[in-house]
Amino acid sequence: MNIEQVVITHYHEDHTGNASYLQKTLGVPLYMNQGMIESCKTKADYPWYRKFFWGKRKPFIANPIGDSFTSKRATWNVIKTPGHSRDHLSFLNNETGQLFTGDIFVNEKVKVILQEEHIPDTIESLQKILTYDFKEVFCNHAGHLSDGYHSLKTKLNHLTELQDRILHLYHEGRSSDEINQILFPRKYPITKLSLGEWDSLHIVESVINHEAKENAYQAR
Ligand SMILES: [Zn+2]
């Protein structure tokens, strides 16, 4: 099979680990969000456990992706969907309604997230993507979702509900640690192993920090 081009949903190493190989060995052009191109030109800078599990992402040079791109048979919309990472993109085939969602779905319920993730942005991205006409979804972790529209909607409802519960406790005067303890009493091994890079606390804190910022903005 001839690979003509590679489009990248976001910079995480489990999505870009082969980018250098594809570029250097096969001479394939790479495209991604402008935001992380510079960082991908340098050696991967992330903790040892990620290098151990997902390997060391070698440097590569990608081109900035536009608002759309074409493959042999279709034109694809590039939709900005930040939240999981700030450079996250989704790709929609306009003719067939097939949607590639990178890591914005993964699973319906969220228990722990990476420190860089931002739940209010993910909610906004899901709301935005649900305004498009699509059914089938290709998720990089859950695989093919034949009723992907419904799956993304279920995820949005779950996150909105979770956000409401966090804000309710926050307005009662609870600290983020207390809220984390109430909503996520179970601790996962990945939190210890990653020295806190993966933690349910980041879910709580991203919601609270966003709320505090909004309140400060309104008070001006
Ligand atoms: Zn990711």
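This is a predicted model, so every value here is computed, not measured. In listed order, ligands and their atoms are each counted from 1. Any value given below was found using the heavy atoms of this structure, including those in side chains, with hydrogens, waters and symmetry copies removed.
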His168 atom NE2, neighbour heavy-atom count above 12 within 6.0 Å | no
Ignoring waters, protein N/O/S atoms under 2.8 Å from the Zn ion (ligand 1) are His10 NE2, His12 ND1, His84 NE2, Asp103 OD2
Do other residues, nucleotides or ligands put more than 12 heavy atoms under 6.0 Å from the CD atom of Glu211?
-> yes
Hey, is NZ on Lys128 packed in by over 12 heavy atoms from elsewhere, all under 6.0 Å?
-> yes
OH (Tyr31) and CZ (Phe91) are apart, to the nearest 0.5 Å, by 12.0 Å
Ring centres of Trp76 and Phe100 under 6.0 Å apart?
-> yes
Heavy-atom count around Lys192 NZ within 6.0 Å, excluding the residue itself: above 12?
-> no
